[in-house]
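Accompanying notes for the structure given below.
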Amino acid sequence: MSSPTNFNYHSDRMLIGAVLIGDIIIATLTFLLFCRHMPGICHDDAIRQTITVSIMLYFACTYRNGVVLHRRRASTHLIVMRVMSNMFKFTILNILVFTIGDFWHMAPAKYLLCILTMTVLISIYRVLVRRIVVAWRRKPNHVHNVVIVGSSENAVELYKEVMETVTLGYNVNGYFDDERNPLFPEKATYLGQPEDVLEYLKKHPEVHEVYCCLPSKRSAEILPIIHYCMQNFLHFFSMPNVRNYVHHRMHFTMFGNVACMSLYNEPLSRVENRFIKRAFDIIVSLIFLCTLFPFILLLVGIVTKITMPGPIFFRQKRTGLDGKDFYCLKFRSMKVNKDADTVQATLNDPRKTKWGNIMRKTNLDEMPQFINVLLGQMSIVGPRPHMVKQTNDYSKIIDYYMVRHLIKPGITGWSQVTGFRGETKEIYQMEGRVRGDIWYMEHWTIWLDIYIMYKTVANVVQGDKNAY
């Protein structure tokens, strides 16, 4: 189970605020440095006005989720990707506001170079801050001591998370329960029964936080612990025990004063993210369809007509967003056959032609799907759409299979560039593909889409053994 702060409760808003102030200082100095090379073009008042507006716009783009370096296991890659996402949104908003408001701004080429320089410098700055935070948390006098009350599966999982991740800056003193729990590691200290908690806390003022996973029916034991924590500056956390029926990371949210937990975190459930992704899809697909696609269509059409009878295009019903079927377009790479909608392509499939093999290895057969993207049935990046028969079959075998349809299917996807492209002979291969699709759904950013597009092209150039 996870929360918005990923258990790192003592990384408070002060750290995030300090990071954003550092960002602003770096960005402002970079901007002024670029302005120094343009003497006589603008006045100091115009520069000050531009900087002031830009600072407000940057805070607007970053105040909610613009900083991740304080989170548990925040990798360098994640930190840099978040900086790039922030700068992308900031740049778009900046251009719109400056154009509408008729503010002074740099020439487009110089402005782009300035933004790229800011992105690099802010990324370096944040990575360095992350290393300082990790080193600070590892010091013994900065460690937060924790006790656990109750020993459900959630409590055991929490113990492992805290003790195995030193960057969190936590230490578990031990746990309380009616009796010792063999599920805890041997090194976990059994501190006694729940009624002993208050006496222990009085004797150990070094404890900072109490995590309680006792069931609500034991409220008579829980309430005195809560009252003690409130009176003695201890943080109390209640841990709902859902591990006995949900073995999946969960996400905390609030509806007014009501606490709820959802199974999945979906960035694309937010309107602004769907707008960004859809705008990107429309722009890229329009550019491709108006430039390269006519030449590809001409080439494929001529060679297909010469090498095999039948239509150039192949339309197949596949499962799309929210489980709704749509017709997916492809260049036909097989002879016309009755099994096209039920049997998956194999390595030495006799239905394929030599020209069809070439198209499949180079992804040429997928190019008409940019039409599906423009029509809004697909996205450039997303889970690959499966045949309706596959959906019907695998949804009965894999419990979480249909989750992949919460977002639009794509021409390429995370699973396809991480080893799960092509034929799925065994059930574990489809399970791996679905896990990758769900991971993409939970971690979507526009920069991840661009990275997947790059990896797709790179795999075509290098050759993909699963492309057939």
Side-chain angles (χ1 to χ4, degrees), residues 57-58 60-61 80-101 105-116 118-119 266-298 300 313 320-321 326-331 362-385 406-414 416-417 437 440-441 443-461:
L57 294 178
Y58 186 81
C61 293
V80 173
M81 291 294 284
R82 186 55 56 94
V83 172
M84 294 174 70
S85 175
N86 292 342
M87 294 304 293
F88 177 79
K89 289 184 282 189
F90 167 70
T91 302
I92 297 299
L93 189 59
N94 221 13
I95 291 172
L96 287 174
V97 170
F98 281 15
T99 301
I100 295 171
H105 54 84
M106 297 179 183
K110 197 145 201 171
Y111 178 72
L112 179 60
L113 182 59
C114 182
I115 290 294
L116 290 174
M118 288 179 188
T119 303
E266 303 170 57
L268 288 172
S269 65
R270 294 194 284 272
V271 175
E272 63 271 23
N273 287 338
R274 289 202 302 273
F275 174 80
I276 292 171
K277 187 171 177 64
R278 183 60 184 148
F280 181 81
D281 284 343
I282 291 173
I283 292 170
V284 174
S285 57
L286 271 177
I287 292 173
F288 175 78
L289 291 172
C290 294
T291 54
L292 296 177
F293 186 72
F295 298 101
I296 295 173
L297 175 61
L298 181 63
V300 171
F313 290 101
L321 178 66
F326 73 101
Y327 282 100
C328 181
L329 298 175
K330 298 184 73 172
F331 285 131
T362 57
N363 281 6
L364 275 178
D365 62 321
E366 311 286 3
M367 294 301 102
Q369 286 164 38
F370 279 96
I371 298 173
N372 292 116
V373 173
L374 194 60
L375 293 173
Q377 299 165 331
M378 293 178 65
S379 181
I380 295 173
V381 180
R384 284 295 294 154
L406 290 175
I407 57 176
K408 287 182 183 179
I411 299 174
T412 185
W414 178 253
Q416 281 62 49
V417 300
D437 293 338
Y440 167 80
M441 180 186 77
H443 294 83
W444 177 87
T445 67
I446 194 65
W447 300 105
L448 181 59
D449 276 5
I450 293 171
Y451 174 75
I452 291 171
M453 291 168 65
Y454 155 74
K455 282 291 292 181
T456 302
V457 175
N459 287 349
V460 170
V461 173

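Counting begins at 1 with the first residue of the sequence.
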So, applying side-chain contact (heavy atoms from CB on, under 4.5 Å) with Ile287, which one of Val284, Thr291, Leu289 is it? Thr291
CG on Leu406 to CG on Asp437, rounded to 0.5 Å: 11.5 Å
What I'd like to find out is whether the side chain of Phe288 reaches to under 4.5 Å of the side chain of Leu374, using heavy atoms alone. no
Please answer whether the main-chain N or O of Ile411 pairs with a side-chain N or O of Arg384 as donor and acceptor at a distance below 3.5 Å. yes
Considering all heavy atoms, the nearest Phe331-Leu364 contact: CD1-O, 3.2 Å
Spacing of CG belonging to Leu116 relative to OH belonging to Tyr111, to within rounding of 0.5 Å: 10.5 Å
Would Cys61 and Asn86 satisfy side chain to side chain contact (heavy atoms under 4.5 Å, CB included), going step by step from the backbone distance to the final call? CA-CA 6 Å; Cys61 293; Asn86 292 342; 5.7 Å; no
For Asn273 versus Leu268, what's the shortest heavy-atom pair and its separation? O-CD2, 3.9 Å
I'd like to know if the side chain of Ser85 and the backbone of Met81 have a donor-acceptor N/O pair within less than 3.5 Å. no
Nearest-0.5 Å distance, CG of residue Leu57 to CD1 of residue Ile92: 12.5 Å
Taking the six-membered ring for Trp, are Trp447 and Phe88 parallel (under 30°), tilted (30 to 60°) or perpendicular (over 60°)? perpendicular
Measuring from Leu329:CG to Glu366:CD, what's the distance to the nearest 0.5 Å? 11.0 Å
Roughly how far, to the nearest 0.5 Å, is CG of Leu112 from OG1 of Thr91? 8.0 Å
In Å and rounded to the nearest 0.5 Å, what is the CZ to CD1 distance from Phe90 to Ile115? 5.0 Å
Please work out whether the ring planes of Tyr451 and Trp414 are parallel, tilted or perpendicular, with thresholds of 30° and 60°. tilted
List for me each residue that meets salt bridge (Lys or Arg N to Asp or Glu O under 4.0 Å) alongside Asp449, sequence neighbours excluded, and say none if there are none. Lys277
Assess the residue pair Tyr58 and Met87 against the criterion (side chain to side chain contact (heavy atoms under 4.5 Å, CB included)); give the C-alpha distance rounded to whole Å, side-chain angles, the decisive distance to 0.1 Å, and a yes or no. CA-CA 8 Å; Tyr58 186 81; Met87 294 304 293; 3.9 Å; yes
Quick one: closest heavy-atom pair of Thr456 and Thr412, and the distance? OG1-OG1, 2.7 Å
Shortest non-hydrogen contact between Arg278 and Leu375, atoms and distance: NH2-C, 4.0 Å
Using every non-hydrogen atom in the two residues, find where Pro409 and Leu321 come nearest and quote the distance to one decimal. CD-N, 3.9 Å
Under 3.5 Å, is there a donor-acceptor pair between the side chain of Asp365 and the main chain of Lys330? no
Mind checking whether Lys89 and Ile276 have side chains closer than 4.5 Å, heavy atoms only? yes
Check against side chain to side chain contact (heavy atoms under 4.5 Å, CB included), Val381 and Tyr440: CA-CA 10 Å; Val381 180; Tyr440 167 80; 3.6 Å; yes
Do you know which two heavy atoms are closest between Gly410 and Pro385, and how far apart they sit? O-CD, 3.5 Å
Just do the side chain to side chain contact (heavy atoms under 4.5 Å, CB included) check on Trp444 and Ile407 with the steps written out, would you? CA-CA 11 Å; Trp444 177 87; Ile407 57 176; over 6 Å; no
